[in-house]
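In what follows, a structure is listed as structure tokens, so that the remarks can point back to it.
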Protein chains: 2
Amino acid sequence: MAYEIAIAALGDPTRRAILEALRARPLPVAALAAELPVSRPAVSQHLKVMCAAGLLTCTPSGARRIYAIDPAALAELRDWLDRLWDDALTSFADAARAQARRSGDPA
Amino acid sequence: MAYEIAIAALGDPTRRAILEALRARPLPVAALAAELPVSRPAVSQHLKVMCAAGLLTCTPSGARRIYAIDPAALAELRDWLDRLWDDALTSFADAARAQARRSGDPA
DNA sequence: CAATCTCGTAAGCCACGACTTACCGTAAGT
DNA sequence: ACTTACGGTAAGTCGTGGCTTACGAGATTG
């Protein structure tokens, strides 16, 4: 049910860049902003959205907060995609079969 | 490389609704618009974007055009998600290991 | 050929959201 | 306690894109 919020969050290029930056290792906000072409508050706002979407986890460590990718959200997204992919393949096969029947293969 | 355009296209709720409508069977534009709360030209514009993103295929059939989900784009998206998921799990395990070491488990 | 159905495109409006600067808490270091 | 680093929030600007209505092009039917 939350996959909709997650995939909507992934629509923004900056947020995908954040994901790519966190792909290797968790990072605090300042380090994250240093790798991106936008200001630190902008990153902070994106992080808020991504945390709400379940895409990231936030771990306070003293004065700083470490953000990391939450694999659970990705798993849910993957499941949704898998089901969609499966249905698409099925309806694709159905369409092909109907097409063949229409083209003179009625047996 | 095209997965970025595809996932950006999936960011819009109306486009996801189009995907859901095409999930069972391919449809022409008018039938698609009838199931959605927006006008037919709006649907047409979304279809254009989704075709450009590789998410849909367009098959002219006389005066009408039949749109269907293209499984290939979904496969590419799935691969991207899988790799991201894998990296996230790895860095998650790394972080847990580093944390354990820091908490007095040096052997 | 005329009438109608199909659909894409153009023009314009409007809201949403991404970004910036400025500010204020909170934690660590001296 | 003062100072410095870290980071979330508020307020405001501005571009982007999703929607609508109006129109035009091609196919089908009579």
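Letters go in sequence order (proteins before strands), and every chain restarts at 1.
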* Does a nitrogen or oxygen in the side chain of B/Lys48 sit under 4.0 Å from OP1 or OP2 of C/dG8? -> no

* Interface limits on DNA chain D, where chain B has a heavy atom under 4.0 Å of a nucleotide atom -> D/dG18 to D/dT28

* Would you say the side chain of B/Ile18 lies within less than 4.5 Å of the side chain of B/Leu47, judging by non-hydrogen atoms? -> yes

* To do: Taking the side chain as every heavy atom from C-beta outward, state whether A/Leu27 and A/Leu32 have any atom pair closer than 4.5 Å.
  => yes

* Asked: Looking across every strand, which nucleic acid part, if any, lies under 4.0 Å from B/Pro28 by heavy atom: base, sugar-phosphate, or nothing?
  -> sugar-phosphate

* Structure fact -> Comparing nearest nucleotides in DNA chain D, the 5'-proximal residue of the pair A/Gln45, A/Ile66 is A/Ile66

* Under a 4.0 Å N-O cut-off, is there an ion pair linking B/Glu35 with B/Arg25? -> yes

* **Any A/Thr14 side-chain N or O less than 4.0 Å from OP1/OP2 of C/dA18** => no

* **Residue met sooner reading DNA chain C from 5', once A/Gly62 and B/Ala63 are mapped to nucleotides** => B/Ala63

* **Side chain proximity check, A/Leu74 to B/Leu89, heavy atoms < 4.5 angstrom** => no

* To do: Figure out the CZ/P separation between A/Arg40 and C/dT21, and round it to whole Å.
  => 12 Å

* **Note, A/Thr57 side chain near A/Ile69 side chain (heavy atom, < 4.5 Å)** => no

* Side-chain contact test, heavy atoms from C-beta onward, threshold under 4.5 Å: evaluate it for B/Ile7 versus B/Trp80 and give yes or no. => yes

* Would you indicate, yes or no, if C/dT20 has its OP1 or OP2 atom less than 4.0 angstrom from a side-chain nitrogen or oxygen of A/Ser39? => yes

* Round to the nearest Å and state the distance from A/Arg64 atom CZ to C/dG29 atom P. => 10 Å

* Contact check, side chains of B/Leu55 and B/Leu10, non-hydrogen atoms, under 4.5 Å -> yes

* Select base, sugar-phosphate, or nothing to describe what A/Ala42 touches, counting heavy atoms under 4.0 Å on all strands. => base

* Asked: For B/Tyr67 and C/dT6, what is the distance between atoms OH and P respectively, to the nearest whole Å?
  -> 15 Å

* Asked: Taking the nucleotide of DNA chain C with the closest heavy atom to each, which residue, B/Arg65 or A/Val38, is nearer the 5' end?
  -> B/Arg65

